[in-house]
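Here the structure is laid out as structure tokens; the discussion comes afterwards.
Throughout, a chain's letter reflects where its sequence line sits, starting with A, and its residues are numbered from 1.
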Protein chains: 2
Amino acid sequence: MSVSIKDVARAAGVSPATVSRALGRGPVSDELRQQVAAAVRATGYKPNLAARRLRSQDSGTIGLIVADIRNPFFTAVSRAVEDSAYRAGMRVILCNTDEDPEREALYLGLMQEERITGLIFAPTRATVDLLPKRSLDFPVVLIDRAGPAGVHDAVVLDNRDAMATLIGHLVERGYREIGGLFGNSSSTGAERREGYIAAMQRHGLTPQFRAVAPSSEAAQKETAAWLAQADRPRAIVVSNSLLLIGVIKAARSLGLIIPRDLAVAGFDNESWTELVEPGMTVIEQPVEEIGRTAMSLLFERLQTPGLPVRKVVLSGRCIVRGSSGAAQ
Amino acid sequence: MSVSIKDVARAAGVSPATVSRALGRGPVSDELRQQVAAAVRATGYKPNLAARRLRSQDSGTIGLIVADIRNPFFTAVSRAVEDSAYRAGMRVILCNTDEDPEREALYLGLMQEERITGLIFAPTRATVDLLPKRSLDFPVVLIDRAGPAGVHDAVVLDNRDAMATLIGHLVERGYREIGGLFGNSSSTGAERREGYIAAMQRHGLTPQFRAVAPSSEAAQKETAAWLAQADRPRAIVVSNSLLLIGVIKAARSLGLIIPRDLAVAGFDNESWTELVEPGMTVIEQPVEEIGRTAMSLLFERLQTPGLPVRKVVLSGRCIVRGSSGAAQ
DNA sequence: ATGATCTATGAAAACGATTTCATAATGGCC
DNA sequence: GGCCATTATGAAATCGTTTTCATAGATCAT
């Protein structure tokens with residue numbers, strides 16, 4: 001069937017060991033090296049990765065488990081991770097959990113069976129607490145969502161700071177009844193909620209917030225009910241772009257004009273946020289940098305396992321657009 | 001280090017062969033089966049996939065190479081493929097080429113080294129013609145972009161029909177100077193261009209079209225120059241959502257109001273297309289069905305290699321929104 | 001009761017690479 | 001020229017499974 005290293009060896013008139021050395025690194029004379037190269041070309045040899053991994057006890061693979069592959073934030077991070085990995089001669093296994101703890105457990109098990117070298121992971125709140133209990137034989141770097149302090153390396157956005165910026169901006173524009181809508185499955189949603197509450201209190205304002213499942217439908221339903229109330233907020237900050245879509249739809253369904261009747265601000269500078277009318281005021285996350293940093297943390301830990309646990313906090317950038325126009 | 005099947009065998013007081021049979025399928029008494037299960041739990045055994053793959057000569061892995069992971073069309077297809085695969089007990093390796101033929105070649109080689117069971121692939125035009133030349137030892141199913149007839153199974157949209165629908169709709173709304181903007185790297189762009197030309201001629205109209213690199217920036221630049229001309233089109237059909245963003249930006253930068261000054265219609269029903277003002281008239285692709293069908297074709301070919309080559313053509317659904325409002 | 005057919009189990013081979021170990025050849029140094 | 005260090009090469013062991021192959025009991029029909 002498939003051509004093996006023995007076939008190449010025979011074709012080149014050398015031993016399999018020499019072929020292995022010629023292809024990898026090892027002392028081989030130029031003459032034999034060329035013979036081997038010719039034999040590889042002639043036979044169309046492709047090394048069997050399973051055999052290589054088994055013998056060398058090194059999968060050369062890093063795992064990437066994300067919560068929602070449809071979320072452009074995660075696809076952007078994935079691309080950055082993939083780039084870094086392939087540049088370092090490693091492969092990537094990408095899995096998508098849809099925020100489902102059961103699938104997270106399933107994929108974690110799969111990663112163990114693959115004997116991956118390291119893992120980059122955006123876990124749900126449910127899993128992140130159980131993670132230290134599982135004895136994993138590879139280092140883990142959390143992205144987007146941090147876990148209990150000092151357990152795993154992590155790279156996250158400065159959520160408190162981002163929320164402070166958004167609230168500060170809205171207050172400056174004259175809003176006082178500012179609501180908050182957050183996803184209920186991720187620690188990021190929780191962190192942004194904390195940041196929201198702190199920022200509101202710093203301004204002497206009363207927080208009013210709601211938490212929903214991470215889907216635009218859930219957000220639309222909840223927001224529509226909320227906005228129908230007499231004491232509805234005049235502005236809403238939203239913890240991610242999926243929920244933001246729901247908020248916009250809810251406002252429109254009630255005939256509320258943004259920002260005249262309701263100001264809106266959210267997270268993630270997706271291309272559509274500047275295309276809608278009015279454009280959305282958002283915190284832009286440094287997605288490539290997050291992916292690159294996660295890979296750096298992982299590589300450094302692989303190289304120096306004794307390193308202290310590090311948490312890299314990156315700052316977002318506030319992009320002001322029409323959705324947070326001055327209050328009437 | 002890691003616990004192997006021998007350790008489990010020792011703990012259960014049986015031979016490694018029995019452990020293997022108890023975990024997979026094979027005749028094992030209930031008593032021993034339970035002992036093995038207990039030993040697995042006690043030792044925390046995770047089978048080494050590299051060893052299993054090597055011995056059983058079956059990677060249990062299907063490859064998925066897409067052109068652009070940021071394109072929601074491909075992420076949606078990916079999810080469907082992933083679901084089908086894991087349901088069948090297979091794993092997925094996902095790679096992203098960014099429409100770069102060099103990376104396509106790189107990843108194809110990687111897939112061979114992984115000894116994947118089958119491949120689902122959305123190739124660029126450059127690669128799709130070379131594909132038959134490469135002797136791959138696994139079946140390939142093309143998605144989104146078909147190759148030369150009769151070589152590989154494929155599942156694609158009915159692009160000619162979709163274009164006929166869009167042009168028919170615009171003509172009905174009173175437009176006659178209808179331009180076309182297409183991506184230049186995929187066969188899909190080319191096919192939609194053919195469909196556009198055919199549909200225009202059927203209506204006795206003169207086609208005027210342009211092809212650009214698959215990025216919103218390129219589309220914006222090209223469209224802005226186009227719309228500045230005296231004989232500019234009064235409507236534009238656009239072959240994908242990335243380009244559509246560029247067209248909208250170009251129109252706005254010139255102060256053209258959609259649809260009053262320029263009607264627009266495109267492909268892919270992304271969530272933002274109903275959020276912008278006016279909403280975008282688009283052809284919606286049955287993304288989940290595309291992914292599921294690709295997996296079905298692949299599985300059936302694996303089961304019955306002699307099957308004739310099949311090309312499944314799925315129909316899109318036209319969603320009419322404000323962007324194609326009646327001509328003045 | 002006896003041979004024939006199953007069934008559950010273990011011993012050992014096999015998958016295809018890398019790596020250790022041994023060895024022949026080379027070169028340098030006195 | 002002889003000895004030691006160095007180098008290039010091959011033989012063989014090894015990684016952790018699955019899968020033959022052999023075998024000892026058990027079951028069955030006669």
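For B:E113, the CD atom is densely surrounded, since the number of other residues' heavy atoms within 6.0 Å is greater than 12.
Annotation: proximity of residues 5-25 of chain B to DNA chain C (heavy atom, distance under 4.0 Å) is found for B:V14, B:S15, B:A17, B:T18, B:R21, numbered in ascending order. Only B:N48, B:A51, B:R52, B:R55, listed by number, bring a heavy atom of residues 48-55 of chain B to less than 4.0 angstrom from any atom of DNA chain D. For the segment residues 26-39 of chain A, residues with any heavy atom less than 4.0 angstrom from an atom of DNA chain D are, sorted by number, A:P27, A:V28, A:S29, A:L32.
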Kindly list each side-chain donor-acceptor pair under 3.5 angstrom involving residues 138-146 of chain A, sequence neighbours excluded, with atom names and distances?
residue: A:R145; atom: NH1; partner: A:E99; partner atom: OE1; Å: 3.2
residue: A:R145; atom: NH1; partner: A:P123; partner atom: O; Å: 3.1
residue: A:R145; atom: NH2; partner: A:E99; partner atom: OE2; Å: 3.0

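With sequence neighbours left out, the salt bridge (charged side-chain N to carboxylate O under 4.0 Å, His left out) criterion links B:E104 to no other residue. For the side-chain hydrogen bond (donor to acceptor under 3.5 Å, both in side chains) test, residues two or more places apart in sequence or in another chain that qualify with B:Q285 are B:D268. Partners of A:N48 under the side-chain hydrogen bond (donor to acceptor under 3.5 Å, both in side chains) rule, at least two apart in sequence or in another chain, do not exist in this structure.
Under a 3.5 Å cut-off, the side chain of B:D153 and the backbone N or O of B:V309 do not form any donor-acceptor pair. A distance-only check finds a donor-acceptor pair linking the side chain of A:S296 to the backbone of A:R292 [under 3.5 Å]. Judged by distance alone, with hydrogens and angles left aside, the side-chain atoms of B:D100 form no donor-acceptor pair with the main-chain N or O of B:T97 at under 3.5 Å. Remark: the backbone N or O of B:E289 is paired with a side-chain donor or acceptor of B:T293 at under 3.5 angstrom. A:S186 contributes a side-chain N or O that, together with a main-chain N or O of A:G189, makes up a donor-acceptor pair within less than 3.5 Å.
By the 4.0 Å N-to-carboxylate-O rule, B:R103 lies close enough to B:D98 to be salt-bridged with it. Under a 4.0 Å N-O distance rule, the pair A:E114/B:R53 qualifies as a salt bridge.
For residues 33-69 of chain B, there are no ring-ring contact (aromatic ring centres under 6.0 Å, His included) pairs, not counting sequence neighbours. Under the side-chain hydrogen bond (donor to acceptor under 3.5 Å, both in side chains) criterion, no residue pair touches residues 26-41 of chain B, with sequence neighbours excluded. Evaluation of the ring-ring contact (aromatic ring centres under 6.0 Å, His included) test over residues 47-103 of chain B, restricted to residues two or more places apart or in two chains, returns A:Y107-B:Y86.
Heavy-atom contacts of chain B under 4.0 Å fall on DNA chain D between two terminal nucleotides, which in 5' to 3' order are D:dG16 to D:dT20.
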Enumerate all atom pairs, one protein N or O and one N or O from nucleotides 4-6 of chain C, separated by less than 3.5 Å.
none

